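Naming convention: chains lettered A, B, ... in sequence-line order (proteins, then strands); numbering from 1 in each chain. Model, not experiment: these values are computed from the prediction.
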There are 2 protein chains.
Amino acid sequence: MAGQVQRQTGIALWRQIADRIRQAISAGAYDGTGMVPPEMVLAQQFGVNRHTVRSALAALSQEGIVRAVQGRGTLIERKERLNFPITRRTRFTAGIGEQARAMRGLLLGHGEEKADEEVARWLKLPPGAPVIRMETVRKADDRPVSCATTWFPADRFAGMPEAYEKAESITRAFAELGLADYVRATTEITAAHAEAGDLAALELTPGAIVLITKAMNTDLEGVPVQYAISRFAADRVQFTIEN
Amino acid sequence: MAGQVQRQTGIALWRQIADRIRQAISAGAYDGTGMVPPEMVLAQQFGVNRHTVRSALAALSQEGIVRAVQGRGTLIERKERLNFPITRRTRFTAGIGEQARAMRGLLLGHGEEKADEEVARWLKLPPGAPVIRMETVRKADDRPVSCATTWFPADRFAGMPEAYEKAESITRAFAELGLADYVRATTEITAAHAEAGDLAALELTPGAIVLITKAMNTDLEGVPVQYAISRFAADRVQFTIEN
DNA sequence: TTTAAATGTCTATTGATATAGACAACTATA
DNA sequence: TATAGTTGTCTATATCAATAGACATTTAAA
């Protein structure tokens with residue numbers, strides 16, 4: 001990890017360094033000691049002043065990734081990255097398996113509305129058809145992993161928000177509404193810088209990256225039952241596609 | 001697109017605004033006029049000074065996305081985003097279809113080396129087994145889309161670099177070496193800020209986002225034939241997974 | 001108990017970022 | 001051919017980001 005930070009790019013040096021250290025931690029670069037190298041060493045590696053490194057470490061400390069202890073050093077608190085397999089049987093909660101103890105989905109808000117052009121196309125409904133919209137955030141061990149806007153055909157899944165709020169899971173909410181099984185039909189993946197809404201919902205710092213998925217699930221007959229736009233904190237997750 | 005830029009975050013306002021405008025262009029927000037709104041209008045929308053908007057537009061102009069014409073306005077030059085379907089039959093060149101006229105793969109460098117732990121695991125070889133490594137960059141209509149490091153079992157595909165350089169495509173190079181068909185077995189997707197090497201290879205500006213895939217292909221018997229780590233310019237591509 | 005090594009705090013200075021205002025130069029159109 | 005609307009350029013000022021140095025405080029080990 002040599003000094004490859006770049007100046008005058010609109011990205012502050014302390015942020016570039018924070019991103020690099022976060023990635024190094026996630027890759028297990030400091031597993032031997034469980035600590036980040038001393039500030040002076042990092043400053044030399046990146047070719048910057050010690051105070052600039054301190055700004056970066058302060059940001060990581062704010063994220064809960066490291067904890068500085070005067071006299072000892074800067075300890076690594078957290079380094080996991082959740083893996084999400086994307087298959088026909090993709091489910092948010094079940095896919096996590098052993099990676100976290102508790103997976104929960106929280107309902108932030110919901111409403112009934114007319115499908116816009118995009119939602120109608122994905123759900124294969126006529127534009128303007130009534131749909132249920134839900135805003136949710138999903139957490140692994142109380143740490144936010146993704147936030148999502150989800151649409152369901154209103155005539156078929158009218159009670160969805162209430163069922164989801166109780167079950168804290170789409171799969172269980174579907175089951176309660178009489179849909180025993182469903183499959184992932186299509187997933188689109190892009191990436192972007194986090195926006196204001198992401199920062200609040202996912203407890204991110206500005207400049208962070210979000211992975212954005214647009215996903216459509218169908219019942220076993222191939223009829224769309226759900227369309228979701230999810231935004232994942234990129235430094236906490238990865239996706240796996242098995243073909 | 002209201003004024004949601006954030007201050008004192010380590011990301012300069014002009015960069016946040018450039019990212020937002022790039023995304024709006026890509027989403028077709030200005031298709032009606034083919035132009036970005038006037039600088040004063042954007043400044044008001046984002047709640048910043050006109051000069052800050054000008055810095056953002058200057059960056060987009062540098063990327064070749066817009067072109068300012070004094071007296072008229074700021075014209076949109078380019079708005080495409082390439083789609084890459086990820087299926088068992090994922091191929092870089094063929095998957096593009098009509099989206100670009102010419103897809104080319106260029107060989108930057110290559111060598112033979114011993115498989116490290118990661119490469120050996122993916123290719124299901126004993127650690128230290130000889131592998132061919134290739135560094136490539138792939139372009140659509142002369143615009144860089146991704147750069148990749150690719151490994152092949154050395155005993156089976158010794159002539160790979162030469163074949164690739166001539167064919168400018170993995171698929172055709174495989175065919176030349178006697179492998180008529182292959183399938184995508186596994187794909188992992190993550191995202192990160194672009195590093196120095198990405199900036200050069202992909203002609204990006206610092207702070208840009210890269211989508212990173214780790215992919216393994218097998219022959220029809222399920223024997224691994226290729227492992228690749230590819231880095232895509234996130235604002236130029238999206239992935240689609242059809243299950 | 002010293003001492004070395006690490007983080008914490010403070011002051012000062014420089015360069016990049018952002019704001020503010022004024023006016024020039026160019027384009028399209030009434 | 002005016003005129004309104006737009007981008008281009010200039011000066012000035014304030015705030016944030018980064019550097020530099022000095023010294024305090026805490027921890028662990030000699």
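Annotation: the span from A/Ile209 atom CD1 to B/Ile209 atom CD1 amounts to 4.5 Å, rounded to 0.5 Å. Separation of atoms OG1 (B/Thr74) and OH (B/Tyr30) is listed at 11.0 Å; rounding is to 0.5 Å. Here B/Thr150 contributes atom OG1 and B/Arg133 contributes atom CZ; the two are 10.0 Å apart, rounded to the nearest 0.5 Å. Atom CG in B/Asp116 sits 7.0 Å away from atom CH2 in B/Trp151 (nearest 0.5 Å).
In this entry the distance linking CZ of A/Arg15 with P of C/dT17 reads 15 Å, nearest Å. Rounding to whole angstrom units, CD1 of residue B/Ile11 and C1' of D/dA17 are separated by 13 Å. Atom-to-atom, CH2 of B/Trp14 to P of C/dT19 comes out at 14 Å; the value is rounded to the nearest Å. Atom CZ of B/Arg67 is separated from atom C1' of D/dT6 by 15 Å (rounded to the nearest Å). If you take CD of A/Gln44 and P of D/dT19, they are 14 Å apart, rounded to a whole angstrom. Between the P atom of C/dT19 and the CG atom of B/Leu42 lies a distance of 14 Å, rounded to the nearest Å. In this entry the distance linking CE of B/Met35 with C1' of D/dT7 reads 10 Å, nearest Å. C/dT17 atom C1' lies 12 Å from atom CD of B/Gln16, rounded to whole Å.
Comparing B/Arg50 and B/Ser55 along DNA chain C, the residue whose closest nucleotide (by nearest heavy atom) sits nearer the 5' end is B/Ser55.
OP1 or OP2 of D/dT6 has not a single side-chain nitrogen or oxygen of B/Thr74 nearer than 4.0 Å. Put simply, A/Arg54 has a side-chain N or O that comes within less than 4.0 Å of OP1 or OP2 on C/dG8.
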Under 3.5 Å, which N/O atoms of the protein pair with N/O atoms of nucleotides 26-30 of chain D?
unit_1, atom_1, unit_2, atom_2, d
D/dA28, OP1, A/Arg72, NE, 3.2

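The side-chain hydrogen bond (donor to acceptor under 3.5 Å, both in side chains) test applied to A/Ser61 returns no partner, not counting sequence neighbours. Every side chain to side chain contact (heavy atoms under 4.5 Å, CB included) that A/Pro130 has, sequence neighbours left out, goes to A/Glu112, A/Ala154.
Side chain of A/Ala12, nearest nucleotide from C/dA18, D/dG8, D/dA18: D/dA18. The side chain of B/Asn49 lies closest to C/dT19 when the candidates are D/dT7, C/dG8, C/dT19. Here C/dT19 is the nucleotide among D/dA18, D/dT7, C/dT19 with the atom lying nearest to any side-chain atom of B/Thr52. The side chain of A/Pro38 sits closest to C/dA6 out of C/dG8, C/dT19, C/dA6.
Side-chain to base pairing of B/His51 with C/dG21: one donor and one acceptor N or O lie within less than 3.5 Å of each other.
No donor-acceptor distance shorter than 3.5 angstrom exists from the side chain of B/Glu39 to the backbone of B/His51, with no hydrogens or angles considered.
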